[in-house]
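Below: the structure, in structure tokens.
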Amino acid sequence: MSDYAVSLLVRIGVEAFVALSAYLLLVIGRVSFGQQAFFVIGGYAAGIATALYGAPLAVGIMVGAVAAGVAGALLSAVMAPVGGIYFAAGSLAFGELVRVALLSFHYQVPVGADLTGPAGADGFRGVRALFTGGVSATAFMLAVAGLVALTFLAIALLLRSRWGEAMRMVGEDETASASLGVRVRRVAALTMAGAGALAGLGGGLFVHYATYMEPGHSDVMLGVHSLAYAFIGGLGTPLGPIIGVALDIGLLESFRFLAGYRMIVFGGLVMGLLVVRPRGLLDEVAVHRLSRLVAWGRR
Amino acid sequence: MLEVRDVVTSYGMIQALRGVSLTAREGEVTCILGPNGAGKTTLLYTIAGILRPRSGSISFQGRELAGTSAPDVVGRGISLVPENRLVFPHMTVRENLFAGAYVRLGRDRAGVEADLDAMFARFPILKQRAGQAAGTLSGGEQQMLAVARALMARPRLLMMDEPSLGLAPLVVEQIFQIVQGLNREGITVLLVEQNARLALSIAHHAYLLEQGRIAFHGTPSEVSANEGISRAYLGIKGG
């Protein structure tokens with residue numbers, strides 16, 4: 001497989017985590033423009049763990065996910081009771097806050113002959129655990145794909161459980177959920193922590209593949225895209241956001257002839273879909289029909 | 001069955017309930033009348049555990065309820081049919097009914113399935129619509145779904161907030177027949193309703209809530225006999 005194809009697939013995989021992160025929040029009815037912050041928190045934390053303290057790659061990536069999950073839990077202390085446009089605005093502010101804070105975040109430690117670590121606006125270079133560990137790009141791509149598949153399965157199972165039931169109820173109507181005995185704040189807080197951890201997992205994977213991360217990776221466009229992926233692919237299943245990422249990065253960005261027009265095509269696609277299919281290609285109705293078709297086929 | 005004593009509930013600085021006391025007796029329909037903003041919904045939310053009272057006590061079947069969380073309130077047998085129905089619009093009718101049994105879904109799956117069948121037998125229209133998104137139902141069907149959803153929790157006390165809101169008169173009549181039927185089967189009902197005449201027609205006892213206080217209470221005939229109240233709420237001109 002060509003290097004270009006591998007790098008494209010890694011990008012799809014990495015952004016799938018951020019898209020799934022935004023999707024989890026959409027399930028509980030919250031539109032977040034700030035999941036890019038958790039992506040970067042996860043990336044920085046994972047990079048610090050491996051590059052500065054010599055943690056093994058897998059441990060470092062887990063550290064990143066946990067750090068972003070904790071950040072999500074902390075943010076939920078303020079944001080869990082907030083819904084609607086206030087949540088959207090608050091998450092956007094949080095994303096920018098993290099980006100700006102990282103611009104002045106210096107934490108460098110001597111590793112070998114050099115100083116390594118986050119260096120403010122210059123970013124965080126030299127996260128080389130993947131390559132010093134001798135993992136090939138193809139093997140890493142396969143690992144990322146495996147993790148995306150596992151995460152998809154985990155979310156699909158979660159949504160079928162009683163917990164998932166509570167999440168969907170909260171997403172549909174908080175007052176009705178509370179009246180039926182759902183602890184709305186707890187559901188919102190835990191979902192925010194889980195969504196943070198997912199985006200952080202993506203960040204930890206990304207930083208090791210790119211060997212580099214900078215405050216600019218917390219750009220709001222990443223958050224906007226992640227949201228759009230769920231709205232393109234569909235809100236009825238966690239497969240939706242993954243399809244959204246694959247469509248955008250796999251088709252639009254990889255076709256060279258679209259070059260400078262990618263964002264125009266992408267924006268048009270989102271707008272058109274929102275009119276024709278407001279809840280995405282695989283919305284609840286489509287998923288319901290497909291699952292009935294599968295059940296019929298099994299007979 | 002339900003004893004509310006001197007309950008005060010506030011939103012920030014604003015006191016919505018300024019010491020409300022009322023009793024809902026077992027097996028009866030108790031209705032709460034009152035103008036917009038009187039605190040009727042706040043009272044139901046406070047009983048349901050969605051809002052916490054600042055002071056006062058609420059006891060249900062002899063046990064204190066004030067400050068109990070919503071899941072425990074539902075678990076103890078109190079269900080709310082919220083104002084504006086609030087069905088889960090993108091979930092199917094069947095999923096909405098399962099959601100109603102949320103507090104016992106984990107431990108009593110078989111019982112929930114059986115109740116679902118019973119609910120479909122009681123409301124055949126819901127069975128026809130079982131696989132349809134609840135948001136696509138008509139207003140009357142949504143109200144039936146909201147009632148059925150609340151019943152899925154097997155309540156002993158059913159609280160209903162403005163079930164007639166925005167429904168055609170014929171449908172309203174149907175809903176009230178359902179409420180009356182449930183009451184005859186032994187479910188105690190606490191009914192908040194703007195349509196005072198209709199509410200009084202099925203109630204055993206009525207309370208009038210004005211500006212966060214109980215202004216009057218009595219039997220439906222006592223309420224109708226009170227000249228000021230019937231002029232304000234029943235539209236009967238004083239002679």
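A, B, ... follow the sequence lines: proteins, then strands. Residue 1 opens every chain. None of these values were measured; they are calculated from a predicted model.
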Open item on the list: So which residue, R183(A), R168(A), M169(A), ends up with the most heavy-atom pairs under 4.5 Å with chain B?
Closed with: M169(A)
Open item on the list: Rounded to the nearest 0.5 Å, what separates atom CZ in R85(B) from atom CG in D173(A)?
Closed with: 12.5 Å
TODO: Could you check if a side-chain atom of S177(A) sits within less than 4.5 angstrom of a side-chain atom of F88(B), using non-hydrogen atoms only?
DONE: yes
TODO: Please look at E95(B) and chain A and tell me whether the side chain, the backbone, both or neither of the residue comes under 4.5 angstrom of a heavy atom of that chain.
DONE: both
Task: S79(B) portion near chain A, given a 4.5 angstrom heavy-atom threshold - done: neither
Task: Spatial distance of atom CZ (R186(A)) from atom OG (S69(B)) [nearest 0.5 Å] - done: 8.0 Å
TODO: Pick one of side chain, backbone, both or neither for Y45(B), based on which atoms fall under 4.5 Å of a heavy atom in chain A.
DONE: side chain
TODO: First locate atom CG of L44(B), then atom OG of S179(A), and finally report the distance between them rounded to the nearest 0.5 Å.
DONE: 11.0 Å
Open item on the list: If you compare all heavy atoms of P71(B) against all heavy atoms of G181(A), which two are closest, and at what distance to 0.1 Å?
Closed with: CG-O, 3.1 Å
TODO: With a 4.5 Å heavy-atom cut-off (strictly below), which parts of residues 283-293 of chain A touch chain B? List them by number.
DONE: E284(A), H288(A)
- [ ] Measure L80(B) against the heavy atoms of chain A and call it side chain, backbone, both or neither at under 4.5 Å.
- [x] both
Open item on the list: Can you tell me which portion of S161(A) sits under 4.5 Å from chain B's heavy atoms? Options are side chain, backbone, both or neither.
Closed with: neither
TODO: Identify which part of A48(B) has an atom lying under 4.5 Å from any heavy atom of chain A, answering side chain, backbone, both or neither.
DONE: neither
- [ ] List the atom of A178(A), the atom of A70(B), and the distance in Å for their closest heavy-atom pair.
- [x] O-CB, 3.3 Å
TODO: Heavy atoms only: give me the nearest H90(B)-R279(A) pair and the separation to one decimal.
DONE: CE1-NH1, 3.3 Å
Open item on the list: At a heavy-atom distance under 4.5 Å, which candidate from A150(B), A153(B), P89(B) has the highest pair count against chain A?
Closed with: P89(B)
- [ ] Can you establish whether the number of heavy atoms outside Q211(B) located under 6.0 Å from its atom CD is more than 12?
- [x] no
Task: Contact winner vs chain B - T175(A), L235(A), V184(A), heavy-atom pairs under 4.5 Å - done: T175(A)
Task: For the student: nearest non-hydrogen atoms of A166(A) and Y102(B), plus distance - done: CB-OH, 3.5 Å
- [ ] Looking only at non-hydrogen atoms, find the nearest pair between L180(A) and V103(B) and report the distance.
- [x] O-CG1, 3.6 Å
Open item on the list: At a 4.5 Å cut-off on heavy atoms, which part of N96(B) comes close to chain A: side chain, backbone, both, or neither?
Closed with: neither
